[in-house]
Every structure is written in C-alpha cells, then in structure tokens.
There are 2 protein chains.
Amino acid sequence: MEVRTIDTRERILDAAERLFMAHGYEGTSMRQITGEACVNLAAVNYHFGSKESLMQEVFRRRLDWLNEERMRVLDQLEAEAAGQPVKPSAIVDAFFGTLLRMAGDEKRGGMTFLRLLGRTLTEPSEFIRAFLAHEYKAVMDRYKEALFLALPEVPKAEIVWRFHFMLGATSYAIAGTDALRLVTDWQIEADDSTDRLDRLVPRLMSFLLGGLRAPLPQF
Amino acid sequence: MEVRTIDTRERILDAAERLFMAHGYEGTSMRQITGEACVNLAAVNYHFGSKESLMQEVFRRRLDWLNEERMRVLDQLEAEAAGQPVKPSAIVDAFFGTLLRMAGDEKRGGMTFLRLLGRTLTEPSEFIRAFLAHEYKAVMDRYKEALFLALPEVPKAEIVWRFHFMLGATSYAIAGTDALRLVTDWQIEADDSTDRLDRLVPRLMSFLLGGLRAPLPQF
DNA sequence: TCGTAATTCATACGTTCGTTTTAATCATAG
DNA sequence: CTATGATTAAAACGAACGTATGAATTACGA
C-alpha cells in the first residue's frame with residue numbers, strides 16, 4: 001500500500017528544487033518541501049542534515065554536470081583551434097549556450113533548475129552566494145582566461161565587466177517569465193517552454209555578442 | 001536627553017532600505033529594522049501598519065521621483081525631436097542612465113536603493129513583484145512605445161526581449177559588487193563608490209547599446 | 001497650564017520556523 | 001525466522017517571527 005516509487009532523497013531534492021525556484025530559499029519551509037515530496041518532516045534532516053545542506057545538494061546535483069560540460073566544451077574548442085585563440089562567439093556559446101541547452105534536458109533539471117539558478121545569483125543569503133562562488137570559481141577562471149586571449153585588444157577589466165553584464169542578462173532571461181511581465185503584457189510566444197527556449201537561445205546569443213563586441217566606452 | 005534628531009518614520013525607512021538591500025525582504029526581521037533604527041519594535045506597525053506596507057513605502061519613496069524623472073526626460077527628448085523618432089541611444093540613456101545617475105544622489109537613496117531595486121526585480125515574494133509591476137507599468141509602456149518608433153525595422157517582440165535583457169544586465173551591474181566576486185577576484189577599481197559608478201555608467205551603456213543594436217538572430 | 005491627541009514604550013500573543021527525540025517499521029543478510 | 005541496521009513516523013522542543021495591546025510619555029494648541 002505504498003505510493004512511493006522513486007527514492008525518498010530524490011523526491012525531496014525535486015520538491016526542494018521546484019519550491020526554492022518558486023519562493024526562494026527563505027520563503028520555502030521544510031514543511032512545504034516534505035509535504036510536496038510526500039515524506040515525513042524529519043526526512044530532510046535525516047538524509048541531508050539541515051536545510052542549508054539540502055540547498056547545497058540541490059545545486060551540486062546539477063552543477064557538477066554543468067561545470068564538467070563547460071570545461072569539456074572549452075577544452076574541445078581550444079583543441080580544435082590548435083594554438084590559435086578561440087573565437088569570442090564560440091566561447092560565449094560554450095558558456096551560456098551550454099547553460100541554456102541544459103534547460104531542454106529534463107533529467108538535468110530542465111527549466112526549473114535554470115530558473116532557480118538565475119534567481120539564486122542575486123540571492124540575499126550569504127551562505128548561498130559563498131557556496132555558488134566557490135562552486136563556480138574554477139570554471140569562471142578558465143573562461144575569463146579564454147576571453148582574455150580571444151580579445152587581446154580589449155582591456156581585461158572591460159572584459160570582466162562585460163562578462164558580468166552577460167551573466168545578468170542571461171540570469172534575467174531564464175529567471176523570469178514572471179519578471180518579463182514587468183516589460184510586457186502580451187504572452188510572448190507559445191506556452192510550450194521548449195519552444196520558447198528554442199527561440200530564446202539565438203535571441204539571447206545575439207544580444208550577448210552585440211554587447212561583448214560593442215565599441216569601448218571613452219572615459 | 002534624546003539622541004533622536006531626524007524623524008522616526010524616516011529612520012525606519014532608512015534602516016529598512018539598507019537591511020532589505022543586504023538580506024532581502026524575508027531575511028530581514030522587524031526587530032533588526034527597529035534595532036538599527038533605534039526605535040521601538042511597535043513603531044513600524046504604528047507608522048506603516050505592517051511589514052508589507054513598510055516595504056512598499058520604502059520603494060514608493062524613491063520610485064515616485066524616478067518614474068517622474070524618466071517620464072520628464074523622455075518628454076523632453078520627444079519634444080526636441082519634433083516629430084522625428086528619438087535616437088535609441090538617447091532612449092536607453094533616458095531609462096538606464098537616469099536610474100544609474102540616481103545612485104550618485106545620496107538624498108534619493110544612492111547606491112543602497114539602487115542595489116535594493118536590482119535585487120528585488122528577481123525577488124521571489126509574490127506581492128513585491130506584483131507591486132513593482134504595477135508601479136512600473138506606465139513608464140514601461142511609454143519606453144516600449146518609444147523604442148518601437150525608434151527601431152521600426154526591428155520586430156516588436158525582439159525589442160521587448162532586448163529590453164528585458166538590458167534590465168537584467170543593469171540589475172546585475174548595480175545589485176552586486178558581491179555578485180561580481182563570482183567573476184573576478186581582484187578589486188575592480190577604487191573603493192570609492194562614486195568613482196566606481198562614474199566608470200560603470202559608460203561601460204554599461206556601451207554594452208546595452210551594443211546588445212540592442214546587435215544583428216537580429218535568424219531562426 | 002491644562003487637556004487632548006500623537007507617539008513611544010514594555011510586554012505578551014499566537015504561529016511558524018528548523019531541528020531533535022524516541023519509537024515504530026522496513027529491508028535484508030545469516 | 002530472526003537479528004540488525006536503515007529508514008520512516010509522530011510528537012515535541014525552544015527560538016524567532018509579525019502583530020496587537022494598553023499604559024506611559026511627549027507634543028502642543030487652547
């Protein structure tokens with residue numbers, strides 16, 4: 001007489017991922033999570049130790065793959081370039097394209113995780129920012145270095161800023177169909193999120209590359 | 001024997017603004033706010049009615065001016081153009097430049113409010129998003145319309161998306177010196193935030209315009 | 001100076017939070 | 001089947017939350 005088919009741990013992670021995405025870390029209670037996952041309240045602390053550890057596990061489950069994939073793609077690009085600098089557009093696609101295409105992969109978290117990630121980069125909680133910064137550091141350094149080589153005539157500080165701007169644009173793009181309601185009233189496209197995603201990727205890529213290659217500001 | 005020099009209401013609003021910026025809405029308690037403001041716990045409910053109303057007042061105090069200023073600048077641009085469409089770069093500067101220059105104006109909230117605003121656009125709390133959407137609607141519609149006229153050859157849906165991307169990039173740019181630590185380790189510039197802001201504005205403007213005018217994606 | 005309204009104060013209320021505890025139930029190797 | 005370790009269950013913990021209350025204090029026009 002058990003409804004449980006998949007593992008308790010996994011059900012908790014799925015529920016937490018969805019709820020953190022919808023209501024934020026502080027806005028989601030353990031009782032909501034365990035309620036949605038149809039597990040006992042104590043199960044979270046049994047399996048993960050604490051709410052903070054649960055949050056970290058929610059991210060690690062997805063970020064491990066993303067980080068490896070980003071490294072792998074950049075490795076391949078640099079191998080193909082054979083000593084030549086990699087094209088900026090290829091680097092941008094390797095970083096942001098890989099992220100966006102993750103949204104189409106349901107078993108890697110799909111849109112839900114992507115929106116959670118987008119939201120979390122501006123999350124107020126200190127421990128979350130610290131955790132993400134640590135989790136991301138190696139990949140960030142690799143991509144920064146690649147962009148420095150790809151754009152030797154652009155000052156490094158400028159590249160870092162523009163990388164930051166690109167992160168912000170991307171974060172917004174994925175974080176919010178809701179946030180988009182600030183800008184528009186009409187339903188932008190079909191409701192099917194896969195279709196929306198297919199058109200978002202080239203749109204965002206055009207924008208990011210336009211920004212990255214914009215004329216340098218004169219101070 | 002009173003230390004109080006400025007109004008209680010104002011002190012509460014200042015403390016709330018700073019704390020909401022630093023820890024988010026849900027991460028900030030009434031006791032933190034009244035503690036930092038050196039007022040009694042009950043003062044918030046006496047003067048504002050509730051925590052939600054306080055949050056709204058924190059925003060209204062700043063947004064009223066920002067909205068009017070944005071309208072005023074666009075009015076002036078359109079008057080000067082005398083029937084001709086306004087240049088996209090002028091529209092972008094009127095919208096985002098006005099916002100960024102607000103950060104240099106300490107009596108309008110300065111950097112603190114700007115960072116709060118940047119964070120809040122991705123805030124999970126439903127009532128905050130709803131409130132901001134309502135507060136912003138009229139201005140957003142005006143600027144969207146202006147961009148449609150300024151870029152007649154670009155599909156409207158594309159403009160809306162790019163407006164959204166620009167919002168994201170700007171939000172990040174102002175929300176986080178902290179978030180920037182994801183991208184870089186070195187102190188970017190001088191610590192003086194006014195100086196940092198002076199160089200941020202042209203940098204961000206270049207990026208935004210580069211993105212806005214990027215070649216259209218082909219589907 | 002007095003009286004009234006506005007404000008500040010200390011305190012407490014009822015909830016909800018994350019976590020802990022102890023017992024019951026399950027799976028499974030010997 | 002039984003013993004043992006892993007998991008789930010029900011209940012309660014103390015702490016912190018937003019809010020409400022009623023008395024004390026302040027401000028200030030009459």
Side-chain angles (χ1 to χ4, degrees), chain A residues 1-59 61 116 120 123-128 130-131, chain B residues 1-59 61 116 120 123-128 130-131:
Chain A
M1 209 43 201
E2 272 287 359
V3 252
R4 170 162 44 87
T5 55
I6 51 172
D7 194 46
T8 298
R9 266 185 69 100
E10 215 69 19
R11 283 229 308 297
I12 293 175
L13 287 171
D14 289 342
E17 184 173 73
R18 211 194 60 76
L19 287 167
F20 286 152
M21 177 272 283
H23 310 117
Y25 176 75
E26 318 229 34
T28 303
S29 72
M30 304 280 264
R31 285 163 180 83
Q32 284 179 269
I33 296 171
T34 53
E36 174 137 331
C38 297
V39 302
N40 188 269
L41 170 61
V44 170
N45 285 282
Y46 175 77
H47 284 283
F48 300 96
S50 68
K51 191 184 177 186
E52 285 202 7
S53 300
L54 169 62
M55 180 66 154
Q56 294 186 6
E57 194 52 36
V58 166
F59 277 99
R61 176 170 74 142
L116 170 61
T120 307
E123 187 81 20
S125 297
E126 187 56 39
F127 91 95
I128 300 180
F131 169 75
Chain B
M1 210 41 199
E2 273 287 358
V3 250
R4 168 162 47 89
T5 52
I6 51 173
D7 193 45
T8 298
R9 267 184 68 100
E10 216 69 19
R11 282 227 310 295
I12 293 175
L13 287 172
D14 288 342
E17 185 173 72
R18 211 194 59 75
L19 287 167
F20 286 152
M21 178 271 284
H23 309 117
Y25 176 75
E26 319 228 36
T28 303
S29 73
M30 303 282 263
R31 285 164 179 84
Q32 284 178 269
I33 296 171
T34 53
E36 175 139 331
C38 297
V39 302
N40 189 269
L41 170 61
V44 170
N45 284 284
Y46 175 78
H47 283 283
F48 300 96
S50 70
K51 191 185 178 187
E52 284 202 8
S53 301
L54 168 62
M55 179 66 155
Q56 296 186 7
E57 194 52 37
V58 165
F59 276 98
R61 176 170 74 142
L116 171 61
T120 307
E123 186 81 20
S125 297
E126 187 56 40
F127 90 95
I128 299 180
F131 170 75

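Residue numbers begin at 1 in each chain, while the letters A, B, ... track the order of the sequences. Only a predicted model underlies this, so the values are computations on that prediction, with no experimental measurement involved.
For the pair L41(B) CG and dT21(D) P, the computed distance is 15 Å after rounding to whole Å. Rounded to an integer number of Å, the gap from CE of M30(B) to C1' of dG14(C) is 16 Å. Going from atom CZ of F20(B) over to atom C1' of dG18(D) covers 12 Å, rounded to whole Å. A straight line from CD of E10(A) to P of dT7(D) spans 14 Å, rounded to a whole angstrom. Remark: P of dT19(C) and CG of N45(A) are 5 Å apart, rounded to the nearest angstrom. Between L54(A) atom CG and dT19(C) atom P the separation is 10 Å, expressed in whole Å. With rounding to whole Å, M55(A) atom CE is found 19 Å from dT19(C) atom C1'. Here dT8(D) presents its C1' atom at 16 Å from CZ of R9(A), a figure rounded to the nearest Å.
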Q: Could you check F131(B) against E52(B) for side chain to side chain contact (heavy atoms under 4.5 Å, CB included), going step by step and ending with a plain yes or no?
A: CA-CA 10 Å; F131(B) 170 75; E52(B) 284 202 8; over 6 Å; no
Before you tell me yes or no, could you show the steps for T28(A) and R18(A) under side chain to side chain contact (heavy atoms under 4.5 Å, CB included), namely the whole-Å CA-CA distance, both residues' side-chain angles and the distance that decides it to 0.1 Å?
CA-CA 10 Å; T28(A) 303; R18(A) 211 194 60 76; over 6 Å; no
- Item | Full working for side chain to side chain contact (heavy atoms under 4.5 Å, CB included) between F59(B) and T120(B) | CA-CA 10 Å; F59(B) 276 98; T120(B) 307; 3.3 Å; yes
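Within the 4.0 Å cut-off from OP1 or OP2 of dT8(C), at least one side-chain nitrogen or oxygen of H47(B) is found. For dA10(C), one of the phosphate oxygens OP1 or OP2 lies less than 4.0 angstrom from a side-chain nitrogen or oxygen of N40(B). Here T8(B) reaches the OP1 or OP2 of dT8(C): one of its side-chain N or O atoms lies under 4.0 Å away.
T28(B) comes within 4.0 angstrom of the backbone, heavy atoms only, and of no base.
Using a 4.5 Å cut-off on side-chain heavy atoms (C-beta onward), M30(B) and L41(B) make contact.
A residue-by-residue look at R31(A) and E52(B) shows that R31(A) has its nearest nucleotide of DNA chain D further toward the 5' end. Between Y46(A) and S29(A), the residue whose closest nucleotide on DNA chain C is further toward the 5' end is S29(A).
By the 6.0 Å contact criterion, NE2 on H23(A) is open, its count of non-hydrogen atoms from other residues, nucleotides or ligands being 12 or less.
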